[in-house]
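Written out below as C-alpha cells is the structure these notes cover.
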Amino acid sequence: MLKHLQLEIDHGTPARASVDTVTLSIDGFGVTVPKGTSLMRAAVEAGIQVPKLCATDSLEPFGSCRLCLVEIDGRKGYPASCTTPADNGMVVHTQTPRLQQLRKGVMELYISDHPLDCLTCSANGRCELQDMAGVTGLREVRYGVGGAVVDGVAGAHHTQAAKDESNPYFTFDPSKCIVCNRCVRACEETQGTFALTISGRGFDSQVSAGQNQPFMDSECVSCGACVDACPTATLQDKTLIELGQSEHSTLTTCAYCGVGCGLKAEMKGNTVVRLVPWKHGQANEGHACVKGRFAWGYATHPDRITQPMIRSKITDPWREVSWDEAIGHAAAEFKRIQAAHGTDSVGAISSSRCTNEEVYLVQKLVRAGFGNNNVDTCARVCHSPTGYGLGQAFGTSAGTQDFKSVAHADVIVVIGANPTDAHPVFASRMKRRLREGARLVVIDPRRIDLVDGPHVRAEHHLALRPGTNVAMITAMAHVVVTEGLANEAYVAERCDARSFAPWREFVARPENSPEAFEAVTGVSAAEVRAAARLYAAGPNSAIYYGLGVTEHAQGSTMVMGIANLAMACGMVGREGVGVNPLRGQNNVQGACDMGSFPHELPGYRHISD
C-alpha cells in the first residue's frame, strides 16, 4: 500500500463530542463510543469497514448511497449505518448474506450508468466506486452498461455527458458522477460557498454549478473541497490527469497566509503531482483555499533558482558554483566587510514563513557568528504590536485560542481584518459558525464580504474612520463599565484589581463615551452601544483582529484595549472566546518566539537582561 494512503482512515461520519458513552456489539465485537456516534464510525473504531460511497468523515451523514446498510437485532429493515446513531445494547451485523445481496444490487445499478474505462481512468487504483464493486463482489451487470441493448431494450444513461473543462485546475466529468452529493455538501459544509447543487429529479438528477453553468461562470472559488470529496473521477485535478497517480507523499505547510494549512504533497520522484489538504492539519483539518490547493507551480517553475550562484560585483553575471564554494564565499565576504567596517556592518532578516528551526539558526548566526544583534523579521510590521500588547496584558505574546475555538463562539467580533480574502480557510470555519446562529460584529472602514454576504450578515457594522481604533474600543469599554455589563466575578478572580480600578475609572469618564467619540469615529453612539452590549452578553464572545489593528501607529495600544475589554467581560480562558490575532504569515509567532527581533533573545528575554 502506498505510504501516503496509510496515514489517513476515513471513519465515514464526523466524531461526536459527548461525556456520555454507549456500548454495543458489532459483528461480535464490543465497542464503546461517545453518545451520538454513528454505527458506521463505531464499526470503523472497532476495526470493521462498512461499504460506503456517499459518506466521509469530513461531512455530515447523508444516507443516499444505500451501501452501508446493516442489520440490527430486534429491528425491522436495513438501516443506513451512517445515519443511525449507536445505542446501548445494540447488536449490529455488517456482513450477512442478505446485506451482501442488497449491496451487490445497489452497485449493479451504479455501474449500469458508469463508463467501464477503469484501466485508462485517472482515478484507477484510487476510486471508491471501483473499490466498492470489489467489496460487494459484483461480477456482472444484468442491465447492460452505458445504454447497451439487453433483451432488445437500450436503457437510458449519462455515460456520454460532456466534460466541463472551464476551471483551470480541475475537470468535471458528469459521465462518471454517481450523484452521491459529497461535492455539494463539501461546498456547503466545508467551504460555505454553496456554488453546487443537485438539479433535476429522479434519473435526471445531476450535479450543477450555479444555475447549470460552467464552473468558472458560477460562484465557485476553486478551493478544491469538491475535488477532495469526490469518490470517483468526476472531479479530478488536471495535473493528476496529466501526470498520473503519485507514488509517495510528504507533509508540508502552506506559506501563503497566516493560517498555515497542513498540506500533503503527492509526488512521483521529485515531481509534484498535486497538493491536497492534510486531514490532520490542526489549522485546516482537511480544507484549503485556491492558492494552497492549486497555486504551487512555483515549485517546478523554470525561473526557480535551485543551485547556488555567486558574483564578485553587481555588474558581473551570476555563475553557478558548488554549495561548499558558495558557503565559503559568503563567510569570507562577511569577515571582509566586518574587518573593513566594524562588527555592526552585517546582519540578517529572517522570514516568518520559515520553520522555527530555520529562524532560530538565523538569529544564532547573527549573535554567535557576527557578534551583534542585527537580526529582524517581517513580523515586526504585523506581529510586534500584538507581541507587546498581549505581553503586557497576559504575559505572553500569543493569541489565546486555536482556530477550532470559533465553533463555540456565540458572538464574533472582527476588527481590522478581512478573513474571507486574507485567511480564507479560517473564514470558512467562521462562516459555518455564523450560519449555525452566531452573531457578528464587524469593526472596519471597509464593507468586507462578511458585512452582507450571500449566506452571512453582520448584525452591526461599525464603519469607523481609519485611525480611530483606540477611540472605538474605549467607547465600547465605556458602555461595558457604565452599564454594569462587566463580569465582576471574573475580574475579581482572574484579573489584577489594582490595574482594573484605574482602567475602569478612565474608560468611564464622559469624554470616553460613544456620544463623545461619535464625531471622531464617524459611527453613531447607538450602534456602538448596541455592539458593546451584544459582545458583553455573549455568553461566549470572541474577538478576531488583523493588520488593520496592528499596522497602525497605535497598534500596541489597541491590542491592549482589546485585551482589557475581553477581560472586563470575562471573555478569556475557555473555548469560544478570547483575543485572537490573524497574522500576516504562517509562522509569525514562531519567528518571534525564536528571537528574531534585535532586542529580544529566544523566549522573549530582553538583550539587556
- prompt: Does the salt bridge (Lys or Arg N to Asp or Glu O under 4.0 Å) test come out yes or no for E8 and K264, once each step is laid out?
  reply: CA-CA 11 Å; E8 300 174 2; K264 194 166 63 171; 3.7 Å; yes

Candidate pair R185 and E188, rule salt bridge (Lys or Arg N to Asp or Glu O under 4.0 Å), full reasoning: CA-CA 5 Å; R185 290 146 58 209; E188 295 177 2; over 6 Å; no

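Ring geometry for H599 against F597 counts as parallel: the plane angle stays under 30°, on a 0 to 90° scale with 60° as the upper cut.
Centroid-to-centroid, the aromatic rings of F215 and F170 come within less than 6.0 Å.
With respect to E60 and R16, a salt bridge is recorded, a charged nitrogen being found less than 4.0 Å from a carboxylate O.
Counting heavy atoms from C-beta outward, S350 and Q363 have side chains that stay 4.5 Å or more apart. Contact of the N469 side chain with the Q554 side chain is registered, since non-hydrogen atoms from C-beta on lie closer than 4.5 Å. A 4.5 Å side-chain heavy-atom check between I443 and V414 finds every atom pair outside the cut-off. Using a 4.5 Å heavy-atom cutoff, the side chains of H383 and S397 are in contact.
Rounded to the nearest 0.5 Å, atoms CG (D444) and CG (L462) are 10.0 Å apart.
There is no side-chain donor-acceptor pair under 3.5 Å between T377 and S596.
Residue pairs meeting the salt bridge (Lys or Arg N to Asp or Glu O under 4.0 Å) criterion with at least one member in residues 530-544, sequence neighbours excluded, are E483-R533.
The two residues N356 and G590 make their nearest non-hydrogen contact at OD1-CA, 3.2 Å.
The one candidate from E189, E285, E436 that meets the salt bridge (charged side-chain N to carboxylate O under 4.0 Å, His left out) condition with R429 is E285.
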